[in-house]
Structures are given as C-alpha cells and as structure tokens.
Amino acid sequence: QVQLVESGGGLVQPGGSLRLSCAASGIIVSLIRVMGWYRQAPGKERELVATITGGGRTNYADSAKGRFTISRDDAKKTVYLLMNNLEPQDTAVYYCNVETASIYTSSNYWGQGTQVTVSS
C-alpha cells in the first residue's frame, strides 16, 4: 500500500522559513519519476509549487522562484521543500505528489497535506 507522509508544516511569521518533508512508502524507488509539492489556499484551486525529476531537473512556480528549494533523497524516498522568506500569501495546505512509471503503467499519488500558515 502506497503512503506519503508529510511533515514540517506549522505557523511562522512573515520572513520566516519552514522545511517540509514527504516520505514515501510502499513504492519501488526505481519506479519514482517526478516528485513535487502543490498547495491549495482556501477558496482557490490546487496549484503547482515545485517539482523535481529523478535526474534533478527542477521546475518552480513563479511565486516560488528564488525563495523555495525542492530536493529529493531517493535512498530515503523523500522529497523536501525548503521555504524561505515566507509571505502571508504562502498560507495554504501543502500536498506532496509522487509520479511513478513502469513499462506497464503509471500512477500518481498524493499525501494528506500539511498546513502552512504565515502570519504575525
């Protein structure tokens, strides 16, 4: 059974930092392709924050460029999101996403979400 467990969310003041982690289990690491983070603010649709491929190629939303850094540790089947200089508009539930693929099929998995609140 595939499970993605996120951690690291919480309340932080504007300008502060948080590091999110997402550990995957029940997945064969060689099948993992893209790992990423998405977020959903109240009343808004879920949006891309950042993704990273197995080769280390990254993609960031414009709002995340220069402030957020995504990384992954395949040995631990974990993806991280380091968020610096946080702003109130970064407040959202952050979701981990993992895409897997084999010669037979591909799958997409989501974590349960972790709340990030940026407020003074």
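For the single chain, residues carry numbers from 1 onward in sequence order.
- Ile32 and Val79 end up in the same hydrophobic cluster when Ile, Leu, Val, Met, Phe, Trp and Tyr side chains are linked at under 4.5 Å.
- The residue from Leu20, Asn85, Leu18, Leu86 that alone fulfils the side-chain contact (heavy atoms from CB on, under 4.5 Å) condition with Phe68 is Leu86.
- Here the CD-OG distance, from Glu87 to Ser119, works out to 14.0 Å after rounding to the nearest 0.5 Å.
- Closest heavy-atom contact between Leu4 and Ala24: CD2-CB, 3.4 Å.
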TODO: Carefully, step by step, assess Trp110 and Cys96 under the rule side chain to side chain contact (heavy atoms under 4.5 Å, CB included).
DONE: CA-CA 6 Å; Trp110 291 92; Cys96 171; over 6 Å; no
Open item on the list: Is there a side chain to side chain contact (heavy atoms under 4.5 Å, CB included) between Arg39 and Asp90? Walk through the geometry before answering.
Closed with: CA-CA 9 Å; Arg39 68 186 183 187; Asp90 294 316; 3.0 Å; yes
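- Note: the hydrophobic cluster containing Val5 does not contain Ile27 (ILVMFWY, side chain heavy atoms under 4.5 Å, direct or indirect links).
- A distance of 4.5 Å separates CG in Asn59 from OG1 in Thr51, rounded to the nearest 0.5 Å.
- Distance check, rounded to the nearest 0.5 Å: CE of Met35 to CG of Leu81 gives 12.0 Å.
- In this structure, Ala61 and Leu48 approach most closely via the heavy-atom pair CB-O, 3.4 Å.
- The two residues Thr53 and Arg72 come nearest to each other via the heavy atoms C-NH1, 3.1 Å.
- With hydrogens and angles disregarded, a donor-acceptor distance shorter than 3.5 Å links the side chain of Thr91 to the backbone of Val118.
- Between Ile52 and Ser71, the shortest heavy-atom distance links the atoms CD1-CA, 4.0 Å.
- Note that CD of Gln40 is 8.0 Å distant from CD of Glu45, once rounded to the nearest 0.5 Å.
- The same ILVMFWY cluster, assembled from side-chain heavy atoms under 4.5 Å apart, contains both Val49 and Val116.
- To the nearest 0.5 Å, atom OG of residue Ser102 and atom CZ of residue Arg33 are 8.0 Å apart.
- Judged purely by atom type and a 3.5 angstrom limit, Glu6 uses its side chain to pair as donor or acceptor with the backbone of Gln112.
- With a 6.0 Å radius and a threshold of 12 heavy atoms from other residues, nucleotides or ligands, Gln89 has its CD atom above the threshold.
- Under a 3.5 Å cut-off, the side chain of Tyr60 and the backbone N or O of Ile70 do form a donor-acceptor pair.
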